[in-house]
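When reading the values below, keep in mind they use all heavy atoms of this one structure, side chains included, and skip hydrogens, waters and symmetry mates. Sequential numbering from 1 along the given sequence is applied to the chain's residues. As the structure is a computational prediction, the values presented were derived from the model and not from experiment.
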Amino acid sequence: MFIMACLNNDNLPYLITYDDNNPQKVTIDTNPAELGRIKLKQDYYFIMFSDARSFKYFPLDTILDQETILKLQLKQISLVLDNSLEFFYDSLDAIYNDIIQKYDIPTSQVVFLSGVPTMYEYALSYCKKNNVEPIKIMWFTLFENTGKDTILQRRSLPTMEKKRKYSKKYLNLNRRWRLHRPLMVTLLHDRGLLDDGYVSLGPSDDNLDWKHVWNRLETNHKTHKEISRVLKRSSDVQQLTPMYLDEEDLVTNRAEHQLSIHKYYQETYFSVISETTFYEDVPFLSEKIFKCIGMGHPYVLIGSPNTLQYLKKLGYRSYHPHINEGYDKIEDHGDRAIAIVDEIERLCNLKGAEFREWHSKVREIAQYNYRVLQGRNHLIKPMN
């Protein structure tokens, strides 16, 4: 019989160390029922952390007392470490360096909750290279909860209505200036597609703008002839004024669903989702995709290669062949970006009977995926 008691359930720490000048340790609320589904035979302590620096700023012995650390060393309890909000492979390195090795804790006592569906493959490579035993790794799709919250807020609000006249064709939400986002806006501008969509991009908390990212775009794609030509002929994109939709505040992180964005889902027939990763080659499914599923919207995904297969592993249906998802398998970042904008352009140009048939097919899939998300209860899946 499994004993799954979280020993610090009334005081769950979250180590936030993105900012070197302002490391924070805060207390969070989490879903006790979800933690209860972690299949362990021992009681455990739970710590959420932001990145690989977390346990340098907040060493384990400043969070747990010596008696608790001794119990870990003696294999009497376990330690659950949650990094499900992020896509960092080096968080696993930090667990080995700053916890297992530093405090002589057996690998069998450590459980890593990761938001990266390929974390176990990375762990196998790390363990082989460093001659260490693997820890227990679980894929925690925490952001599915955000999608379920979207469903609750949406209630009966219709999207993808039959015979609706759409004011725009797609919705593309951007906040931080991760490089693939201004790249895609440039590609859309080059194709004359910006006016076909509701697109946001303006000053955010990363303090970047066109001036700061343009040289990086040129450098990243200097060997890609087509992207280089686009950047040269469409450099006037840098003169665009900030693009706002429901909010002019693009600094505040709005991971949680906002009621004010509903009308943009209603007035478009697909989303262009700018996921967190693209150049990093780390598949990651954030709140961005699950909010879209919760709104019953079809989508084209701007993400790292081979990301869509992990949605299918979770039980969601693909939109292929109604949306050409071949872009997802393209490893070259420039080629993938071009394939994505090609598909966006094709969808924007659908008309008449062809559009009506397409709309009917993708609406059915969107409703199916909505129901899968609505019924999702278990978000933690063992990888080993």
Side-chain angles (χ1 to χ4, degrees), residues 2-9 12-15 28-50 78-89 91-92 95 110-123 135-154 253-257 273 275-277 282-296 299 301 303-304 307-317 368-384:
F2 288 117
I3 302 172
M4 296 171 281
C6 179
L7 296 171
N8 61 333
N9 197 43
L12 298 174
Y14 177 26
L15 313 180
I28 59 167
D29 293 321
T30 192
N31 186 342
E34 192 58 40
L35 289 181
R37 294 189 180 99
I38 302 174
K39 301 298 183 182
L40 299 178
K41 295 181 180 180
Q42 295 176 312
D43 295 343
Y44 62 89
Y45 274 80
F46 176 93
I47 300 172
M48 192 172 191
F49 68 104
S50 65
S78 295
L79 179 63
V80 174
L81 303 172
D82 182 356
N83 191 224
S84 56
L85 294 177
E86 295 296 352
F87 61 90
F88 308 131
Y89 279 140
S91 291
L92 181 127
I95 290 173
V110 179
V111 180
F112 182 25
L113 305 183
S114 173
V116 179
T118 53
M119 185 58 76
Y120 183 57
E121 287 87 339
Y122 175 79
I135 59 176
K136 185 74 173 176
I137 299 178
M138 299 184 179
W139 182 20
F140 190 6
T141 55
L142 177 64
F143 290 111
E144 283 187 291
N145 266 339
T146 309
K148 292 189 74 171
D149 289 343
T150 298
I151 290 174
L152 291 174
Q153 292 185 51
R154 175 188 172 186
N253 188 333
R254 302 187 188 277
E256 296 182 357
H257 186 70
I273 301 173
E275 251 304 353
T276 304
T277 62
V282 183
F284 189 67
L285 302 171
S286 76
E287 81 284 352
K288 302 167 189 63
I289 182 70
F290 293 115
K291 286 198 289 186
C292 179
I293 292 172
M295 289 303 296
Y299 51 80
L301 184 71
S304 295
T307 295
L308 290 177
Q309 64 178 303
Y310 298 104
L311 275 173
K312 287 183 261 187
K313 284 190 175 183
L314 292 173
Y316 299 100
R317 281 180 59 186
Y368 175 88
N369 288 340
Y370 173 93
R371 292 192 295 271
V372 170
L373 178 61
Q374 187 177 40
R376 180 73 73 215
N377 292 315
H378 194 183
L379 308 182
I380 296 177
K381 296 151 280 290
M383 295 188 189
N384 62 334

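- Side-chain contact check for T307 versus E275: every heavy-atom pair is 4.5 Å or farther apart.
- Not a single donor-acceptor pair under 3.5 Å links the side chain of K291 to the backbone N or O of T150.
- The shortest distance between side-chain heavy atoms of D82 and L12 does not fall below 4.5 Å.
- Minimum heavy-atom separation, G296 to Y370: N-CD1, 4.4 Å.
- Put simply, the residue from I289, L379, L85 that forms a side-chain contact (heavy atoms from CB on, under 4.5 Å) with F143 is L85.
- The shortest distance between side-chain heavy atoms of S91 and L81 does not fall below 4.5 Å.
- Atom-to-atom distance recorded for L7:CG and Y45:OH is 5.0 Å, nearest 0.5 angstrom.
- Side chains of V111 and Y44 form no contact here, defined as non-hydrogen atoms less than 4.5 Å apart.
- Of the possible donor and acceptor atoms, one in the side chain of T277 sits under 3.5 Å from a partner among the backbone N and O of V282.
- Nearest heavy-atom pair across V116 and F87 is CG2-CA, 3.5 Å.
- The heavy-atom pair separating F46 from C6 by the smallest distance is CB-SG, 3.8 Å.
- Atom-to-atom distance recorded for R376:CZ and N145:CG is 11.0 Å, nearest 0.5 angstrom.
- Taking CD1 from I135 and OG from S78, the interatomic distance works out to 11.5 Å, rounded to the nearest 0.5 Å.
- Taking 4.5 Å as the limit, some side-chain heavy atom of L373 sits within range of a side-chain heavy atom of Y316.
- Using a 4.5 Å cut-off on side-chain heavy atoms (C-beta onward), L314 and E144 make contact.
- Counting all heavy atoms, side chain and backbone alike, F49 lies closest to N83 at O-ND2, 2.8 Å.
- Summarising the geometry of Y310 relative to P117, their closest heavy-atom pair is CD2-CB, 3.5 Å, with the distance given to 0.1 Å.
- Expressed to the nearest 0.5 Å, how far CZ of R317 lies from CD1 of I293 amounts to 13.0 Å.
- Checking T118 against Y89 by side-chain atom types alone, a donor-acceptor pair falls below 3.5 Å.
- Between S304 and P283, the shortest heavy-atom contact is CB-N, 4.1 Å.
- Separation of atoms OG1 (T276) and CD (E86) is listed at 7.5 Å; rounding is to 0.5 Å.
- With rounding to the nearest 0.5 Å, the separation of CD1 in I273 from CZ in F290 is 10.0 Å.
- Within the 4.5 Å cutoff, no side-chain heavy atoms of M119 are placed close to those of F140.
- Taking the side chain as every heavy atom from C-beta outward, W139 and L285 approach each other to under 4.5 Å.
- Within a 6.0 Å radius of NZ in K381, other residues, nucleotides and ligands contribute more than 12 heavy atoms.
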